[in-house]
Amino acid sequence: MKKYNNKKIERHWQKVWAKSDLYAAEDWSEKQRYYCLVEFPYPSGDGLHVGHVRSYTAIDIIARKKRMQGMNVLYPIGWDAFGLPTENYAIKTGKHPAIVTAENIKTFKRQIKSLGISFDWNREINTTDPNYYKWTQWIFLKLFEKGLAYKKKMPINWCPKCKIGLANEEVIDGSCERCGTQTEKREMEQWMLKITAYADRLIEDLETVDYLEKIKTQQINWIGRSYGAEIDFQIQGREERIKVFTTRPDTIFGATFIVLSPEHELVNRIVTTEQEKDVLKYQAQARAKSELERTQLQKEKTGVFTGAYAVNPATHKEIPIYIADYVLTTYGTGAIMAVPAHDERDFEFAKKYEIPIVQVIQPPKIKEHRPLESNIASAGAYGHLQSEIEDQCWSGEGTLVNSSTFNGLDSEIASSMIVAWLEKENIGKKTTQYHLRDWVFSRQHYWGEPIPIVYCEKCGAVPLPEKDLPLELPMVERYEPTDTGESPLASIDYWVKTTCPDCGSPARRETDTMPNWAGSSWYFLRYIDPKNKKQLADSEKLKYWMPVDLYNGGMEHTTLHLLYSRFWNKFLYDINVSPVSEPYYKRISHGMILAPDGQKMSKSRGNVINPDELVEEYGADVLRLYEMFMGPYDQPVAWDLNGVRGIRRFLEKIYSFDNWNENEGREIISLLHKSIKKISDDIEKRHFNTAVSTMMIFVNKIQEKGCSKKSFQIFLQLLSPFAPHLAEELWNSLGNNDSIFREKWPEYDASLIVDEEMEIVVQINGKLRDKLVVSADIDENEVKTMAKESEKARKFLEGKEPKKIIYVKGKLVNIVV
RNA sequence: GCCGCGGUGGUGAAACUGGUAGACACACAGGACUUAAAAUCCUGCGGAUGCAAAUCCGUGCCGGUUCGAUUCCGGCCCGCGGCACCA
């Protein structure tokens, strides 16, 4: 028996392929183009993860099949190499981040190459390469030019351990996403990108793309658009008005108080002398509370009366103004009209501070009414509907009551009528609010793209002219972050001190760098023309290749990278750089690979599976095939070494196959054609696990019955995207001189997959009782008769006359008695 | 709390638009080969009863539709992921 020497085979073919142009994408080819993309890795010091192998292999299978189907496939790879872990590692070891990065890339590259993924290495990119980040900086300048990049003093999430400002997206439960330390608020001047200007388009254009439904919903929820109105409430005895945002203008008649966020700018002006002490104290408390306390300790509402009153424009009643930290400064106008009868939070607050609760919405179905005890007395001021106020508030829609001329209307109609009235009176207008905030784009770190701005004593913030790009990161010895929050770049005098590009006066460079999301927000465009020195990419080439047909990536990037890169592409589309308004036509996601113990793999748990060892011991093809077979591609699965051994056995079986039979029967040919159909379909649907099991069934069968050379070669073609080295080796050893990957993908013959004989199930009352083997062209009545007369069936019929006989062609006969 | 996904053997899982539940693989058990082991090959493998033939039960739980439900409908239970004082 031949010994399956995977190492020798894999090394040999990897060398042969590297010298060929097999996997090179061809600009302008007449063939149909296909651009498939995997998220480029961050080359961390840990090396490649088995999770990378899963998605790279899956898309590799698709890429290889599409090439064999005659398509011009672009399947590129690169390195998303700026980032904090590299900088931290550099600080710890004293090795420069650029050197660390180069080493890590070398490891990743060796590991990926050992897997036989058909990447087009001619298009390799690296976000830390000045020739690349020149264009990242260029995009920033364009954003600045269009007013979409701006500087703002704002409280940012500050991680005291990493000494870095974090975007809202990087803060999880009030803690740093990376190190888990609780974040603080710090007021700092930050560069911001106006992603909110694209909020509507980022929602609406989702309709034009084919993303997994859960990805779309997650993005929509993250943007969090809500329609409503801004309404002005006159402050009693003052000229000023308070602007509130509400999604429920229909409840305005039930607004019995106003709540301002503690930080609201009006607070200090309207507070009365008697209340001032309490208010100041509360404000101080609110400031001291961390984000975590403010969001997590939501058990009880707290707040303070300001002493001031406003007038409800609908009821003309005087209503008290409170401050409370359940109203956020950062959302809406930082002020609300509180409608305790129809909002849970307002209800809770009103009960605690004994504020009147007035029902103005009748729920669609009137349930049992339980009269409210505590607040009836104070509600008495309104003098009505006491008995109808429920113990629980109703926050849904319904029919308006106690709302003057709007009584009897449904919430939806009432809302628009009330808004129309407010607009006419000039005290309100329709508006839209988003949860999405502008993107905090500054990082006080060394290992990132320098922001190409200088501050001139005379001209202020001045963008660098395009000819001065790239603005290179200076090579320095020290890159520790500072406690002051300034970037390490700030201490490099010779770099910071410069002259104004406009007027020549002394100027200082911006010392903040870009976040690591910058380089990955446009990389899919650079693959198309990675060596272009004059432009980000040639516009004709972009037209040829864009959009990406298939984009695979992790769910964890749905609200970060995916949203950011869609935003940047839309911007580039608006300035006529990108030819498409949506960069990715289809977005899919792979399930995570868990450790054998079912836990997430992590260094600290010591349960990480290293792909190098698997390639070494079992071979790249085994690893690839195992990861495709282990479970449904989009679901998480736990690693199982025994499964790997099973796949090794399967490949050895193929390698040593020798049961040749040139007179194979129709059974084998038919099975082969069924397999062609099934495997082709499964690859399209990404059901890789069942594609592999189809191959196993075929191999089991030909081991038993024998198989012709011709059929075996077709089988090798089906196997080749999954186990490219083995398939190529056997293909070659059967006397083929050219690569199997230049072969055409097999097509099945429909007439060959029809069976000559079929098995018909006989059921009595839906229960399986017998099986019949009949010829495929049998007549319906004949089957029915056979079924009735089958010995086993007769036993259950006991001479009873069937009421009904159901026949499903090719499947079953069901006799109902 | 809201949104999304899922629940099938000892394990990973299959099952097209309702039609043989458990394909394929792993683990396990028995056997062959071997001085022995590994490897390989053969057999069995959802549960219960039974010497066997066979019968009954079985896709989270309860109910419905249907000749027939893992699949469709209604109600619940559990697990996972995301968001969360967003007015």
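Letters A, B, ... are given to chains in the order of the sequence lines, protein chains preceding strands, and every chain is numbered from 1.
If you measure from atom CH2 of Trp222(A) to atom P of rC83(B), you get 6 Å, rounded to the nearest angstrom. A straight line from CZ of Phe688(A) to C1' of rA13(B) spans 17 Å, rounded to a whole angstrom. For the pair Asp597(A) CG and rU11(B) P, the interatomic distance rounds to 17 Å; values are reported in whole Å. Straight-line distance from the CE atom of Met337(A) to the P atom of rC85(B): 20 Å, rounded to whole Å.
Residue-level contact check: Thr330(A) touches neither bases nor backbone, having no heavy atom under 4.0 Å from any strand. Using a 4.0 Å heavy-atom cutoff across all strands shown, Arg769(A) reaches sugar-phosphate atoms only and no base atom.
Listed by chain and number, the residues in a ring pair (Phe, Tyr, Trp, His ring centres under 6.0 Å) with Tyr198(A) are Phe567(A) (sequence neighbours excluded).
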Exercise for the section: Let me have a per-nucleotide readout for nucleotides 18-27 of chain B, 5' to 3', with B, S or -, counting only protein heavy atoms under 4.0 Å. Expected result: -BB--BBSSS
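Comparing Lys804(A) and Gln433(A) against RNA chain B, the residue whose closest nucleotide sits nearer the 5' end is Lys804(A).
Under the 4.0 Å criterion applied to side-chain N and carboxylate O atoms, Glu627(A) and Arg54(A) are not assigned as salt-bridge partners. Using a cut-off of 4.0 Å between Lys/Arg side-chain N and Asp/Glu carboxylate O, Arg645(A) and Glu617(A) are scored as not salt-bridged.
Checked against a 6.0 Å centroid threshold, the rings of Trp639(A) and Tyr626(A) count as neighbours. The distance between the ring centers of Phe349(A) and Phe257(A) falls below 6.0 angstrom.
Taking only side-chain nitrogens and oxygens, Lys767(A) comes nearer than 4.0 Å to OP1 or OP2 of rC57(B).
For rG9(B), the base is syn relative to its sugar; the glycosidic angle is within 90° of 0.
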